[in-house]
Amino acid sequence: AAKASGQSQFRTFDAGLRDRLQMRRDLERDLSQALAENALEVWFQPIYALDAHTLVGLEALVRWQHPRLGWIAPPDLIAAAASVGLTESLLRAILEQVCAMMQILRSRGLGTVRVAMNVSPREMAQVPVDEIVIGRLSLLDLPPAMLEIEITEETALDIGAVQGKLQALSRAGIRVALDDFGIGYSSLSSLRQLRADRIKIDRSFVTGLGTCEDKHGLVLAVLGLGRLLGLEVVAEGVESAEDLRILQAMGCPFLQGYHLGRPMPVHALENTLLIAQTEAA
Ligand code: C2E
Ligand code: MG
Ligand code: MG
Ligand code: MG
(Lines give C-alpha, C1' and ligand atoms only; values in the text may rest on other atoms or scores of the structure.)
(Ligands and ions follow the chains in the order given, each with its own letter.)
Protein backbone atom coordinates (compact mmCIF):
# COMPACT_ATOMS: atom_id res chain seq x y z
CA ALA A 1 0.00 0.00 0.00
CA ALA A 2 0.99 3.62 -0.27
CA LYS A 3 2.73 5.23 2.63
CA ALA A 4 3.28 8.78 3.72
CA SER A 5 6.84 9.49 2.61
CA GLY A 6 9.55 11.41 4.40
CA GLN A 7 8.67 14.95 5.34
CA SER A 8 5.99 15.18 2.69
CA GLN A 9 2.38 14.98 3.77
CA PHE A 10 1.53 13.31 0.49
CA ARG A 11 1.18 9.70 -0.36
CA THR A 12 3.62 8.42 -2.91
CA PHE A 13 3.37 5.62 -5.35
CA ASP A 14 6.36 3.66 -4.19
CA ALA A 15 4.35 0.53 -3.55
CA GLY A 16 4.32 -2.59 -5.70
CA LEU A 17 3.19 -2.32 -9.27
CA ARG A 18 -0.15 -3.94 -8.69
CA ASP A 19 -0.97 -1.61 -5.80
CA ARG A 20 0.10 1.31 -7.89
CA LEU A 21 -2.16 0.36 -10.75
CA GLN A 22 -5.05 -0.16 -8.37
CA MET A 23 -4.44 3.20 -6.80
CA ARG A 24 -4.26 4.84 -10.19
CA ARG A 25 -7.63 3.38 -11.05
CA ASP A 26 -9.14 4.54 -7.77
CA LEU A 27 -7.82 8.03 -8.31
CA GLU A 28 -9.11 8.20 -11.84
CA ARG A 29 -12.52 6.90 -10.83
CA ASP A 30 -12.92 9.28 -7.91
CA LEU A 31 -11.51 12.36 -9.56
CA SER A 32 -14.52 13.14 -11.71
CA GLN A 33 -16.74 12.91 -8.66
CA ALA A 34 -14.40 15.16 -6.70
CA LEU A 35 -14.50 17.69 -9.51
CA ALA A 36 -18.29 17.54 -9.66
CA GLU A 37 -18.52 18.09 -5.91
CA ASN A 38 -15.94 20.87 -5.86
CA ALA A 39 -13.88 18.79 -3.46
CA LEU A 40 -10.57 19.98 -4.86
CA GLU A 41 -8.95 22.80 -2.97
CA VAL A 42 -6.42 25.35 -4.01
CA TRP A 43 -3.97 26.46 -1.35
CA PHE A 44 -1.78 29.52 -1.60
CA GLN A 45 1.85 30.08 -0.64
CA PRO A 46 3.15 33.63 -0.14
CA ILE A 47 5.98 35.08 -2.22
CA TYR A 48 7.88 37.99 -0.69
CA ALA A 49 10.17 40.75 -1.87
CA LEU A 50 13.86 40.88 -0.93
CA ASP A 51 12.97 42.30 2.50
CA ALA A 52 11.18 38.98 3.24
CA HIS A 53 8.29 41.12 4.44
CA THR A 54 6.49 42.74 1.52
CA LEU A 55 3.94 40.35 0.02
CA VAL A 56 4.26 40.37 -3.77
CA GLY A 57 2.59 37.15 -4.81
CA LEU A 58 0.68 34.00 -3.97
CA GLU A 59 1.36 30.69 -5.69
CA ALA A 60 -1.73 28.54 -6.18
CA LEU A 61 -1.12 24.86 -5.39
CA VAL A 62 -3.83 22.27 -5.90
CA ARG A 63 -4.78 20.06 -2.95
CA TRP A 64 -6.94 16.97 -2.95
CA GLN A 65 -7.66 14.84 0.04
CA HIS A 66 -8.87 11.52 -1.25
CA PRO A 67 -11.35 9.96 1.19
CA ARG A 68 -9.30 6.79 1.53
CA LEU A 69 -5.86 7.49 0.06
CA GLY A 70 -5.31 10.79 1.86
CA TRP A 71 -3.57 13.81 0.35
CA ILE A 72 -2.60 13.21 -3.26
CA ALA A 73 0.60 14.76 -4.58
CA PRO A 74 -0.28 17.34 -7.26
CA PRO A 75 1.74 15.65 -10.03
CA ASP A 76 -0.14 12.38 -9.42
CA LEU A 77 -3.41 14.26 -9.54
CA ILE A 78 -2.50 15.97 -12.81
CA ALA A 79 -1.43 12.61 -14.29
CA ALA A 80 -4.65 10.91 -13.21
CA ALA A 81 -6.72 13.70 -14.73
CA ALA A 82 -4.84 13.37 -18.00
CA SER A 83 -5.44 9.65 -18.30
CA VAL A 84 -9.21 10.00 -17.90
CA GLY A 85 -9.63 13.05 -20.08
CA LEU A 86 -10.26 15.47 -17.21
CA THR A 87 -7.32 17.76 -17.85
CA GLU A 88 -9.44 20.67 -18.99
CA SER A 89 -12.03 20.27 -16.20
CA LEU A 90 -9.25 20.26 -13.64
CA LEU A 91 -7.63 23.33 -15.13
CA ARG A 92 -10.95 25.18 -15.12
CA ALA A 93 -11.67 24.20 -11.51
CA ILE A 94 -8.29 25.50 -10.38
CA LEU A 95 -8.65 28.66 -12.45
CA GLU A 96 -11.97 29.43 -10.71
CA GLN A 97 -10.29 29.39 -7.32
CA VAL A 98 -7.38 31.42 -8.62
CA CYS A 99 -9.80 34.05 -9.94
CA ALA A 100 -11.68 34.05 -6.63
CA MET A 101 -8.39 34.80 -4.89
CA MET A 102 -7.67 37.64 -7.29
CA GLN A 103 -11.08 39.09 -6.40
CA ILE A 104 -10.34 38.80 -2.69
CA LEU A 105 -7.00 40.57 -3.14
CA ARG A 106 -8.58 43.37 -5.15
CA SER A 107 -11.40 43.89 -2.69
CA ARG A 108 -8.78 44.33 0.03
CA GLY A 109 -6.69 46.84 -1.83
CA LEU A 110 -4.02 44.26 -2.65
CA GLY A 111 -4.34 44.42 -6.43
CA THR A 112 -0.55 44.53 -6.81
CA VAL A 113 -0.19 41.06 -5.33
CA ARG A 114 0.09 38.64 -8.22
CA VAL A 115 -1.43 35.14 -8.21
CA ALA A 116 0.69 32.44 -9.84
CA MET A 117 -0.92 29.35 -11.30
CA ASN A 118 0.97 26.23 -12.39
CA VAL A 119 0.24 24.78 -15.80
CA SER A 120 2.10 21.66 -16.88
CA PRO A 121 3.57 21.52 -20.38
CA ARG A 122 1.15 18.73 -21.13
CA GLU A 123 -1.88 20.77 -20.07
CA MET A 124 -0.51 23.64 -22.10
CA ALA A 125 -0.16 21.42 -25.15
CA GLN A 126 -3.53 19.67 -24.85
CA VAL A 127 -5.90 22.37 -23.69
CA PRO A 128 -6.59 25.85 -25.15
CA VAL A 129 -5.21 27.37 -21.96
CA ASP A 130 -4.78 30.80 -23.52
CA GLU A 131 -8.40 31.09 -24.64
CA ILE A 132 -9.77 29.70 -21.39
CA VAL A 133 -7.69 31.92 -19.13
CA ILE A 134 -8.02 35.13 -21.15
CA GLY A 135 -11.76 34.53 -21.54
CA ARG A 136 -12.30 33.95 -17.85
CA LEU A 137 -10.35 37.02 -16.78
CA SER A 138 -12.20 39.24 -19.19
CA LEU A 139 -15.60 37.86 -18.15
CA LEU A 140 -14.80 38.51 -14.49
CA ASP A 141 -13.23 41.86 -15.32
CA LEU A 142 -9.95 40.93 -13.66
CA PRO A 143 -6.68 42.59 -14.70
CA PRO A 144 -4.41 40.17 -16.63
CA ALA A 145 -1.36 41.64 -14.91
CA MET A 146 -2.56 40.09 -11.64
CA LEU A 147 -2.05 36.61 -13.05
CA GLU A 148 1.10 34.66 -13.70
CA ILE A 149 1.37 31.28 -15.40
CA GLU A 150 4.20 29.03 -14.16
CA ILE A 151 5.38 26.46 -16.62
CA THR A 152 7.85 23.69 -15.88
CA GLU A 153 10.27 22.00 -18.18
CA GLU A 154 10.49 18.72 -16.35
CA THR A 155 10.45 16.75 -19.56
CA ALA A 156 11.84 17.62 -22.94
CA LEU A 157 9.25 20.25 -23.63
CA ASP A 158 7.93 20.47 -27.13
CA ILE A 159 8.34 24.19 -27.31
CA GLY A 160 6.44 24.40 -30.57
CA ALA A 161 3.30 22.99 -28.95
CA VAL A 162 3.18 25.58 -26.18
CA GLN A 163 4.97 28.61 -27.60
CA GLY A 164 1.97 30.08 -29.40
CA LYS A 165 -0.23 29.86 -26.33
CA LEU A 166 2.36 31.38 -24.04
CA GLN A 167 2.82 34.20 -26.52
CA ALA A 168 -0.93 34.78 -26.58
CA LEU A 169 -1.04 34.86 -22.77
CA SER A 170 1.91 37.21 -22.72
CA ARG A 171 0.35 39.54 -25.30
CA ALA A 172 -2.79 39.65 -23.17
CA GLY A 173 -0.69 40.99 -20.27
CA ILE A 174 -0.44 37.76 -18.28
CA ARG A 175 2.99 37.04 -16.83
CA VAL A 176 4.94 33.89 -17.62
CA ALA A 177 7.36 32.24 -15.21
CA LEU A 178 9.72 29.38 -15.98
CA ASP A 179 9.41 27.09 -12.96
CA ASP A 180 12.03 24.77 -11.45
CA PHE A 181 14.82 26.52 -13.35
CA GLY A 182 18.18 24.79 -13.21
CA ILE A 183 16.94 21.23 -13.43
CA GLY A 184 15.57 19.35 -16.38
CA TYR A 185 15.69 20.91 -19.76
CA SER A 186 15.50 24.59 -19.00
CA SER A 187 17.69 26.42 -21.45
CA LEU A 188 18.57 29.92 -22.37
CA SER A 189 16.82 29.81 -25.71
CA SER A 190 13.61 28.56 -24.13
CA LEU A 191 13.54 31.63 -21.88
CA ARG A 192 13.04 33.74 -24.96
CA GLN A 193 10.87 31.35 -26.88
CA LEU A 194 8.52 30.88 -23.95
CA ARG A 195 8.20 34.64 -23.35
CA ALA A 196 9.33 34.23 -19.75
CA ASP A 197 9.18 37.32 -17.53
CA ARG A 198 10.46 35.47 -14.54
CA ILE A 199 12.65 32.55 -13.49
CA LYS A 200 11.97 30.43 -10.45
CA ILE A 201 15.15 28.78 -9.20
CA ASP A 202 14.41 25.20 -8.29
CA ARG A 203 14.43 24.58 -4.59
CA SER A 204 17.11 21.89 -4.87
CA PHE A 205 19.55 24.78 -5.41
CA VAL A 206 18.10 26.99 -2.69
CA THR A 207 17.48 24.80 0.33
CA GLY A 208 20.73 24.40 2.29
CA LEU A 209 22.47 27.08 0.26
CA GLY A 210 24.91 27.74 3.08
CA THR A 211 26.38 24.25 3.01
CA CYS A 212 27.00 23.78 -0.68
CA GLU A 213 29.43 25.64 -2.92
CA ASP A 214 27.78 24.37 -6.11
CA LYS A 215 24.37 25.69 -5.13
CA HIS A 216 25.93 29.03 -4.34
CA GLY A 217 27.44 29.28 -7.80
CA LEU A 218 24.26 28.32 -9.57
CA VAL A 219 22.10 30.78 -7.68
CA LEU A 220 24.58 33.59 -8.35
CA ALA A 221 24.69 32.66 -12.02
CA VAL A 222 20.91 32.69 -12.34
CA LEU A 223 20.69 36.04 -10.55
CA GLY A 224 23.26 37.44 -12.98
CA LEU A 225 21.35 35.97 -15.90
CA GLY A 226 18.16 37.57 -14.62
CA ARG A 227 19.78 41.00 -14.43
CA LEU A 228 21.33 40.59 -17.85
CA LEU A 229 18.10 39.53 -19.55
CA GLY A 230 15.80 41.74 -17.49
CA LEU A 231 14.03 38.79 -15.90
CA GLU A 232 12.72 38.67 -12.37
CA VAL A 233 14.19 35.88 -10.25
CA VAL A 234 12.37 34.00 -7.50
CA ALA A 235 14.13 31.58 -5.16
CA GLU A 236 11.82 28.82 -3.98
CA GLY A 237 12.54 26.44 -1.10
CA VAL A 238 13.78 29.02 1.40
CA GLU A 239 13.65 26.72 4.40
CA SER A 240 15.89 28.35 7.00
CA ALA A 241 17.09 31.67 8.34
CA GLU A 242 20.46 30.79 6.85
CA ASP A 243 19.02 30.26 3.35
CA LEU A 244 17.25 33.59 3.70
CA ARG A 245 20.30 35.49 4.90
CA ILE A 246 22.42 34.29 1.99
CA LEU A 247 19.75 35.03 -0.62
CA GLN A 248 19.27 38.52 0.76
CA ALA A 249 23.02 39.11 0.68
CA MET A 250 23.03 37.98 -2.96
CA GLY A 251 20.19 40.40 -3.70
CA CYS A 252 17.66 37.81 -4.79
CA PRO A 253 14.59 39.94 -5.58
CA PHE A 254 11.85 37.44 -4.68
CA LEU A 255 11.66 34.73 -2.06
CA GLN A 256 9.38 31.78 -1.34
CA GLY A 257 9.61 28.85 1.05
CA TYR A 258 8.53 27.20 4.27
CA HIS A 259 10.68 29.57 6.33
CA LEU A 260 8.63 32.52 5.06
CA GLY A 261 5.24 30.86 4.70
CA ARG A 262 3.75 27.49 3.89
CA PRO A 263 1.02 26.82 1.37
CA MET A 264 -2.24 27.57 3.20
CA PRO A 265 -5.95 27.12 2.60
CA VAL A 266 -7.74 30.41 1.94
CA HIS A 267 -9.09 30.83 5.47
CA ALA A 268 -5.61 30.44 6.97
CA LEU A 269 -4.28 33.23 4.78
CA GLU A 270 -6.11 35.88 6.77
CA ASN A 271 -3.13 36.93 8.86
CA THR A 272 -0.84 37.18 5.84
CA LEU A 273 -3.35 39.40 4.04
CA LEU A 274 -3.98 41.58 7.09
CA ILE A 275 -0.29 42.29 7.48
CA ALA A 276 0.00 43.09 3.77
CA GLN A 277 -2.99 45.45 4.01
CA THR A 278 -1.44 47.25 6.96
CA GLU A 279 1.80 47.67 5.01
CA ALA A 280 -0.03 48.90 1.94
CA ALA A 281 -2.09 51.45 3.89
P1 C2E B 1 6.23 23.87 -7.90
O2 C2E B 1 5.38 24.68 -8.82
O3 C2E B 1 7.69 24.01 -8.01
O4 C2E B 1 5.68 24.23 -6.47
C5 C2E B 1 6.47 24.33 -5.32
C6 C2E B 1 6.36 23.08 -4.50
O7 C2E B 1 7.33 23.14 -3.45
C8 C2E B 1 5.03 22.91 -3.81
O9 C2E B 1 4.81 21.53 -3.66
C10 C2E B 1 5.27 23.53 -2.44
O11 C2E B 1 4.41 23.06 -1.44
C12 C2E B 1 6.70 23.10 -2.19
N13 C2E B 1 7.44 24.00 -1.33
C14 C2E B 1 7.28 25.33 -1.15
N15 C2E B 1 8.18 25.83 -0.31
C16 C2E B 1 8.96 24.78 0.08
C17 C2E B 1 10.09 24.65 0.96
O18 C2E B 1 10.58 25.62 1.57
N19 C2E B 1 10.63 23.42 1.10
C20 C2E B 1 10.11 22.34 0.44
N21 C2E B 1 10.69 21.15 0.64
N22 C2E B 1 9.07 22.43 -0.41
C23 C2E B 1 8.51 23.63 -0.58
P24 C2E B 1 3.47 20.84 -4.14
O25 C2E B 1 2.30 21.68 -3.74
O26 C2E B 1 3.54 19.44 -3.70
O27 C2E B 1 3.55 20.88 -5.71
C28 C2E B 1 4.49 20.11 -6.38
C29 C2E B 1 4.45 20.43 -7.85
O30 C2E B 1 3.20 20.05 -8.40
C31 C2E B 1 4.55 21.93 -8.12
O32 C2E B 1 5.88 22.32 -8.08
C33 C2E B 1 3.91 22.01 -9.49
O34 C2E B 1 4.85 21.69 -10.49
C35 C2E B 1 2.85 20.94 -9.43
N36 C2E B 1 1.55 21.55 -9.12
C37 C2E B 1 1.05 21.99 -7.95
N38 C2E B 1 -0.18 22.52 -8.09
C39 C2E B 1 -0.47 22.43 -9.40
C40 C2E B 1 -1.59 22.81 -10.21
O41 C2E B 1 -2.58 23.39 -9.75
N42 C2E B 1 -1.50 22.55 -11.55
C43 C2E B 1 -0.40 21.96 -12.12
N44 C2E B 1 -0.39 21.75 -13.42
N45 C2E B 1 0.66 21.59 -11.39
C46 C2E B 1 0.63 21.82 -10.06
MG1 MG C 1 5.27 26.50 -9.36
MG1 MG D 1 9.06 25.21 -8.65
MG1 MG E 1 8.50 21.69 -8.61
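Positions are given from 1, in the same order as the sequence printed here. One-based numbering, in listed order, for ligands and for the atoms of each.
Contact detail for Leu55 and Val113: the closest heavy-atom pair is O-CG2, 3.8 Å. The heavy-atom pair separating Leu231 from Ala196 by the smallest distance is CD2-O, 3.0 Å. Nearest heavy atoms, Val233 versus Cys252: O-SG, 4.1 Å.
Of the possible polar contacts, none joining the Asp130 side chain to the Leu169 backbone as a donor-acceptor pair under 3.5 Å is found. The closest donor-acceptor contact from the side chain of Glu123 to the backbone of Ser120 lies under 3.5 Å. Side-chain atoms of Asp243 come within 3.5 Å of backbone N or O of Glu239 as a donor-acceptor pair. Looking only at distances, no side-chain donor or acceptor of Asn118 sits under 3.5 Å from a matching main-chain atom of Ile149. A donor-acceptor pair is defined here as one N or O able to donate and one able to accept, closer than 3.5 Å; such a pair exists between the side chain of Gln277 and the backbone of Arg108. Not a single donor-acceptor pair under 3.5 Å links the side chain of Arg24 to the backbone N or O of Ala80. Side-chain atoms of Lys200 never come within 3.5 Å of backbone atoms of Ala235 as a donor-acceptor pair (strictly under, hydrogens ignored).
No other N/O/S atom of Asp179 lies as close to the Mg ion (ligand 3) as OD1 does. Among the heteroatoms counted here (N, O or S) of Glu150, OE1 is the one nearest to the Mg ion (ligand 2). The Mg ion (ligand 2) is closest to atom OE2 of Glu59 (considering only N, O or S atoms).
Both the backbone and the side chain of Asn118 come within contact range of ligand 1, each with a heavy atom under 4.0 Å. Only the side chain of Arg63 comes within 4.0 Å of ligand 1, counting heavy atoms alone; its backbone N, CA, C and O stay farther away. In Leu61, the parts holding a heavy atom less than 4.0 Å from any atom of ligand 1 are both the side chain and the backbone. The proximity of Glu123 to ligand 1, defined as any non-hydrogen pair under 4.0 Å, is limited to the side chain. For Val238, every heavy-atom contact with ligand 1 shorter than 4.0 Å involves the backbone, none the side chain. The proximity of Met117 to ligand 1, defined as any non-hydrogen pair under 4.0 Å, does not occur for either the backbone or the side chain. Within the 4.0 Å heavy-atom criterion, the part of Arg203 lying near ligand 1 is the side chain and not the backbone.
Using a 4.0 angstrom heavy-atom cutoff, Asp179 counts as in contact with ligand 1. At a 4.0 Å cut-off, at least one heavy atom of Glu59 sits close enough to ligand 1 to count as contact.
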Could you check Arg175 against Glu232 for side chain to side chain contact (heavy atoms under 4.5 Å, CB included), going step by step and ending with a plain yes or no? CA-CA 11 Å; Arg175 299 304 208 89; Glu232 300 176 341; 3.9 Å; yes
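The six-membered or imidazole ring of Trp64 lies away from that of Trp43, with a centre-to-centre distance of 6.0 Å or more.
Summarising the contacts of atom 29 (C) of ligand 1 with Pro75, Pro263, Ala73, Gly257, the nearest heavy atom is found in Pro75. In this comparison of Trp43, Tyr258, Trp71, the heavy atom closest to atom 23 (C) of ligand 1 sits on Tyr258. The option from Gln45, Arg122, Lys200 that lies nearest to atom 15 (N) of ligand 1, judged by heavy atoms, is Gln45.
Ligand-side atoms of ligand 1 in range of Glu236: 3 (O), range being under 4.0 angstrom from any heavy atom. Each of the atoms 24 (P), 25 (O), 26 (O), 27 (O), 30 (O), 36 (N), 37 (C), 38 (N) of ligand 1 lies under 4.0 Å from some heavy atom of Pro74. Below 4.0 Å from some heavy atom of Val62 lie the following atoms of ligand 1, by number and element: 38 (N), 39 (C), 40 (C), 41 (O).
At least one N/O/S atom of Asn118, whether from backbone or side chain, sits less than 2.8 Å from the Mg ion (ligand 2).
Taking distance alone, with nitrogen or oxygen atoms compared against 3.5 Å, Ile78 stays at or beyond that limit from ligand 1. Of the N or O atoms in Glu239, one or more lie within a sub-3.5 Å distance of an N or O in ligand 1.
Angle OD1(Asp180) to the Mg ion (ligand 3) to OE1(Glu236), rounded to 10°: 150°.
Note that Arg198 lies in the cation-pi zone of Phe254, set by a 6.0 Å cut-off to the ring centre and a 45° limit from the axis.
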